[in-house]
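Values reported hereafter were calculated over all heavy atoms of this structure, with side chains retained and with hydrogens, waters and symmetry mates removed.
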Amino acid sequence: MATSPLNSTRSKILLALVFALAVWWYVSKPDHSLRLISAQSIITMDSKQPRVEAVAIENGKIIALGSLENLQQRWPSAPHTRFENQTLTPGFIENHLHPAMAALLLPFHWITPFEWHLPGKEVPATQGREQYQQRLQEAAQASPDGEWFISWGYHHYFHGEMSRQLLDELVPDRPALVWHRSFHEVWVNSKAMELVTFSEEDLKDQHQVNIEEGHFYESGLMLGLNKFRDYIIKTGRFMGGLEQVVDVVHAGGITTIADMANGMFDLDMEWWAFKWVLDDQDVGFRTRLIPMADRVGEQPGSPAALAESNALLDKGNRKLKFVKQIKLLADGAFYSQLMQMRDPGYLDGHHGEWITEPDKLEALASAYWNADYQLHIHSNGDLGTEVVLDMIERLNHKYPRIDHRTTLHHLGYIGPDQAERIAELGVIVSANPYYLHTLGETYSEMGLGPERAHYIFRARDLLDAGVKVSLHSDFSMAPAQPLRLAWVAVNREGAAGLQMANEQAMTVHEAMKAITIDAAHAIQMESEIGSIEVGKSADFTVLEQDPYRIEPAKLKDIPIWGTIFEGQLFPLSK
């Protein structure tokens with residue numbers, strides 16, 4: 001029987017698809033070849049074997065480690081990559097950053113209190129009201145005519161007050177938006193406000209919006225972003241920003257990231273953008289996606305929303321996938337000084353804010369707790385932490401769970417009495433130590449006073465209580481540079497050079513654990529990554545100096561050669 005032209009065409013298309021799939025599988029799989037990697041020293045983060053000379057890897061996994069001589073005897077013909085003068089550590093883990101937020105912000109104009117050194121982007125420090133306003137005007141005047149002007153990095157304690165009226169004066173001829181350093185609040189000018197309308201229903205029960213001032217903060221920020229979304233989130237710009245995120249993560253020596261607020265703008269949009277960029281074979285890190293609880297489902301926390309959360313778990317692959325973990329937010333931003341503080345509160349009399357009111361927070365948390373999800377909770381002040389700990393105690397009483405690994409994120413300031421309670425409740429901590437560096441000195445004078453500001457990030461109290469502590473950047477709240485975070489945790493040095501509460505410092509080893517094996521523990525990946533052991537992924541960060549054999553004050557200055565991800569080399573310079 002003759003084959004019809006239609007069937008012939010279908011066969012050709014099918015063969016082409018099969019071939020394309022085979023090519024994709026081949027180029028996206030780990031390198032399957034067996035080979036040896038050796039270095040001046042390999043720090044394993046495994047207490048049974050802290051240092052080795054060489055590892056053998058196959059199929060993207062570690063299959064043996066020890067001396068180079070022994071491994072070469074076992075595999076005499078195996079190819080060998082030698083890092084003669086470098087030190088290898090487990091691949092650094094960044095268990096809390098926001099690829100979508102960073103992709104949005106990176107293309108904007110950065111005017112920040114302290115300098116930034118990013119791939120392809122150098123940002124000088126800008127402090128003082130006059131200097132800030134001058135920089136803002138110059139940047140706006142240099143922008144293309146007719147376009148929105150958007151700037152990130154403003155901070156009221158370093159740059160003076162901001163308002164819609166002031167922004168009208170500084171940028172009178174186009175829509176303008178100033179994004180606070182915290183990301184949790186924005187101001188827009190009148191030209192921007194003319195483009196949207198706010199109904200009574202929009203503003204009902206919404207006290208975190210000031211229309212007259214053009215100010216949207218905490219929960220009000222999402223209302224503002226929804227209204228201005230089409231002007232702020234441009235597809236081409238966002239995708240370009242996501243490419244910059246890849247470079248930022250790679251430059252930090254990072255091989256695993258957790259998006260700790262997936263769906264910040266739109267779950268579907270972010271998924272397809274990440275599939276396009278982060279799931280590429282040339283990206284040398286994996287991404288784990290933890291959705292925001294209040295972004296899943298029409299009624300967050302409902303049975304339908306839980307079903308939607310569960311369905312997300314089927315999406316992804318070894319490089320990019322959702323996990324059975326959920327993100328919640330308690331009190332306000334540390335950079336905005338809107339965290340909730342116990343008495344005596346703030347020295348100037350202002351008050352903190354709740355991103356999620358405690359009753360609503362507990363209802364959301366309960367739904368996911370009872371479904372055996374790991375909870376990651378943004379908590380910044382000692383009152384915010386107290387409310388969260390009370391909540392966890394009630395949840396565990398109603399539905400006891402062993403090794404629930406509820407993780408408090410950021411944890412800017414806790415009281416000296418709270419570390420023991422965190423430990424007793426089986427809670428762990430992923431902290432942002434950079435708050436101490438950028439804000440400790442300033443908050444000593446404004447808002448908190450030195451008795452509290454110097455004790456931002458009580459690392460020693462937490463560790464001595466038996467709490468497992470990891471470090472994160474919350475990029476762009478801090479540089480996505482784990483060694484810099486470790487440096488702050490070890491040296492506790494402010495931006496102006498003041499050392500604060502040195503008795504709360506981590507040791508170098510504790511800080512290195514906090515960016516490797518303990519960071520893996522916080523996202524339930526310690527059996528796969530975080531240390532150099534047989535069976536784990538062949539992920540390494542390649543350093544030009546040994547972090548244990550230099551002065552601790554120089555931790556942040558260690559040059560990074562690049563990374564090895566699932567056995568594949570990703571040098572920083574090619």
- prompt: Should Arg288 and Asp259 count as an ion pair when the cut-off is N to O under 4.0 Å?
  reply: no
- prompt: Quick one: are the ring centres of Tyr231 and Trp148 less than 6.0 Å apart?
  reply: yes
message: Listing request: all side chain to side chain donor-acceptor pair (under 3.5 Å) pairs with a residue in residues 293-310, at least two apart in sequence or in separate chains.
response: Ser309-Tyr368, Asn310-Tyr373
statement: Sequence neighbours excluded, the answer for ring-ring contact (aromatic ring centres under 6.0 Å, His included) partners of His454 is none
message: Strictly distance-based, threshold 3.5 Å: is any side-chain N or O of Glu94 a donor or acceptor partner for the main-chain N or O of Ile254?
response: no
- prompt: Just by distance, do the side chain of Lys324 and the backbone of Ala371 share a donor-acceptor pair under 3.5 Å?
  reply: yes
query: Could you give all pairs that pass the ring-ring contact (aromatic ring centres under 6.0 Å, His included) test and reach residues 313-344, with sequence neighbours left out?
result: Trp271-Phe322, Phe334-Tyr435, Phe334-Tyr443, Tyr335-Tyr435
- prompt: Are the charged groups of Asp202 and Lys204 less than 4.0 angstrom apart, N to O?
  reply: no
query: Between the side chain of Arg492 and the main-chain N/O of Phe457, is any donor-acceptor distance below 3.5 Å?
result: yes
Salt-bridge contact Arg342-Glu386 (side-chain N to carboxylate O under 4.0 Å): yes
- request: Kindly state whether the ring of His409 and the ring of His376 have centres lying under 6.0 angstrom apart.
  value: yes
Within the 6.0 Å centroid threshold, strictly below: Trp187 and Tyr154: yes
- request: Sort out for me which residue in His184, Glu185, Gln208 forms a side-chain contact (heavy atoms from CB on, under 4.5 Å) with Glu353.
  value: Gln208
query: Considering only heavy atoms from C-beta outward, does the side chain of Leu104 approach that of Phe265 to under 4.5 Å?
result: yes
field: NZ/NE/NH1/NH2 to OD/OE distance under 4.0 Å, Lys61 and Glu566
entry: no
message: Salt bridge check, Glu533 against Lys536: does any charged N sit closer than 4.0 Å to a carboxylate O?
response: yes
